[in-house]
Amino acid sequence: MIDEEKQQDQDPSSTGETTPEGSPMGSENPAASGNSNESADWELELARAYQSAQGDRTPANASGPTVTGSSTNSPTADAAEPWKKELAQVTEEKDALKTQLQAASAQLEELKNQNLRLAADFENFRRRTQKEKEELDLQARCLTIKPLLPVIDNFERARSHIKPQTDGEMNIHKSYQSVYKQMVDGLKQIGVSPMRPEGEQFDPNLHEALLSEPTDEHEEGTIIQELERGYILGERVLRHAKVKVAAAGLSVVASDENPDSSEG
């Protein structure tokens, strides 16, 4: 027995040299475990490199996963989980921005409509004020010109009634007639024009009938004489023309006269 123990001590390969851990199979297990750890470390480094390339957005709790043989706890699945959350958050932000854009579009359309209404109101206001301004200007001119019309009448009466006999009277006549002509020209320049009603039908908007004369020479309602000249300013009547109007003529029947003459 002593010799066999010596042989084993001298030739350990013949009996199978063991490691301090125990059996000869124990030398292969660490190698296999080392390969598995190297594979897990490679996947972990790949996941970390992917996270670093994307801006290092991986949560801190995913930096050191415990790698086992299961695929549910793999670094790739853990790295994709934050991206899903970020995608959901981006989708929510997109929907919120879309809602805000729709609200902004509706507000812009409302502002456009308000702008159009304001432009239309301003245009109406501008036209109304322009019309009122023209009306006020016309009223001011009418109030200024009306007191001058009797002066024009006096000049016309003087021209029709005064007959100069001497050279001195003719010079005086020409002098005030030149003033009359100057006044008439000034009235024409501001839009005043005299009416010429003789021969026209009576119009109460333009004429004022002072007299009526029965006659068969003119149609009833025809103006046969102008008694005082009328004037207009644009479309506004400054003064109505005073006129004599033709009335229906008296027709006498001879049979009606005979009984009256016999009774007398």
Side-chain angles (χ1 to χ4, degrees), residues 54-57 82-156 177-210 219-245:
Q54 297 298 326
D56 197 11
R57 300 181 181 179
W83 292 102
K84 292 180 180 180
K85 295 180 179 180
E86 186 172 356
L87 180 60
Q89 182 178 1
V90 170
T91 303
E92 292 178 357
E93 293 178 355
K94 178 183 177 182
D95 295 337
L97 290 175
K98 186 176 180 181
T99 303
Q100 294 178 1
L101 180 60
Q102 292 176 353
S105 299
Q107 185 177 6
L108 178 61
E109 188 68 21
E110 180 64 21
L111 290 175
K112 286 182 179 180
N113 294 332
Q114 290 180 1
N115 187 29
L116 291 176
R117 289 193 294 269
L118 287 175
D121 292 340
F122 178 76
E123 182 64 20
N124 294 333
F125 172 76
R126 186 188 65 81
R127 291 178 181 177
R128 184 171 61 255
T129 52
Q130 182 66 24
K131 186 176 180 180
E132 291 176 355
K133 180 181 177 181
E134 293 175 355
E135 182 67 20
L136 290 175
D137 180 67
L138 184 60
Q139 290 180 1
R141 284 190 291 171
C142 291
L143 293 174
T144 304
I145 295 170
K146 278 184 177 181
L148 299 176
L149 297 180
V151 180
I152 301 296
D153 297 337
N154 292 331
F155 276 113
E156 291 177 349
Q177 287 301 314
S178 64
V179 176
Y180 165 75
K181 185 177 183 302
Q182 186 177 1
M183 290 186 64
V184 172
D185 292 340
L187 293 177
K188 286 182 180 178
Q189 289 178 2
I190 60 177
V192 179
S193 57
M195 296 182 188
R196 305 295 180 182
E198 293 183 359
E200 297 180 356
Q201 284 292 319
F202 176 78
D203 185 356
N205 296 321
L206 302 175
H207 312 129
E208 181 180 352
L210 297 182
E219 184 181 355
E220 183 180 2
T222 303
I223 298 172
I224 58 178
Q225 185 180 356
E226 181 186 48
L227 302 177
E228 184 179 78
R229 181 161 296 175
Y231 292 91
I232 58 175
L233 176 61
E235 297 180 354
R236 177 70 62 85
V237 177
L238 283 173
R239 188 175 71 181
H240 291 73
K242 296 179 174 58
V243 296
K244 182 192 290 187
V245 183

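Every heavy atom of this structure was used, including side-chain atoms; hydrogens, water molecules and symmetry mates were not.
- Annotation for Glu123: atom CD counts as buried by contact number, over 12 foreign heavy atoms lying within 6.0 Å.
- Atom NZ of Lys98 and atom OG1 of Thr91 lie 12.0 Å apart (nearest 0.5 Å).
- Between the CZ atom of Arg239 and the CG atom of Leu233 there is a distance of 14.0 Å, given to the nearest 0.5 Å.
- Closest approach of Glu226 to Pro197, counting heavy atoms only: OE2-CD, 3.4 Å.
- Within 6.0 Å of atom CD in Glu235, 12 or fewer heavy atoms from other residues, nucleotides or ligands are found, so the atom counts as exposed in its surroundings.
- Between Lys133 and Asp137 there is no salt bridge, since no side-chain N of the basic residue sits under 4.0 Å from a carboxylate O of the acidic one.
- With rounding to the nearest 0.5 angstrom, the CZ atom of Phe202 is 12.5 Å from the CD atom of Glu220.
- Under the 3.5 Å distance criterion, the side-chain polar atoms of Arg229 are left unmatched by any main-chain donor or acceptor of Asp153.
- To the nearest 0.5 Å, atom CD of residue Gln89 and atom NZ of residue Lys85 are 11.0 Å apart.
- Closest approach of Val245 to Ala209, counting heavy atoms only: CG2-CB, 3.7 Å.
- Under the 3.5 Å distance criterion, the side-chain polar atoms of His240 are left unmatched by any main-chain donor or acceptor of Gly230.
- Among all heavy-atom pairs drawn from Ala241 and Met195, the shortest one is CB-SD, 4.0 Å.
- Between Ile145 and Leu187 there is a side-chain heavy-atom pair separated by less than 4.5 Å.
- Minimum interatomic distance between Gln177 and Phe155 (heavy atoms only, all atoms of both residues): NE2-O, 3.7 Å.
- The shortest side-chain heavy-atom distance between Leu101 and Leu97 does not fall under the 4.5 Å cut-off.
- How far CD of Glu208 is from CG of Leu227: 10.0 Å, rounded to the nearest 0.5 Å.
- Side-chain contact check for Thr222 and Glu200: no donor-acceptor pair (N or O, by modelled atom type) lies under 3.5 Å.
- With hydrogens and angles ignored, the 3.5 Å screen pairs no side-chain donor or acceptor of Arg236 with any backbone N or O of Leu138.
- Ion pairing of Glu110 with Arg117 is present here, as a side-chain N (NZ or NE/NH1/NH2) and a carboxylate O approach within less than 4.0 Å.
- Atom CD of Glu93 is surrounded by more than 12 heavy atoms from other residues, nucleotides or ligands within 6.0 Å.
- In this structure, Pro147 and Val151 approach most closely via the heavy-atom pair O-CG2, 4.2 Å.
- Not one N or O on the side chain of Asn115 forms a donor-acceptor pair closer than 3.5 Å with the backbone of Leu111.
- Taking every heavy atom of both residues into account, Arg141 and Ile190 meet most closely at NH1-O, 3.1 Å.
- Proximity of Ile152 to Tyr231: side-chain heavy atoms (C-beta onward) are separated by under 4.5 Å at one or more points.
- Using a 4.0 Å cut-off between charged nitrogen and carboxylate oxygen, Glu135 and Lys131 do not count as a salt-bridge pair.
- Rounding to the nearest 0.5 Å places CD of Gln182 at 7.5 Å from OG of Ser178.
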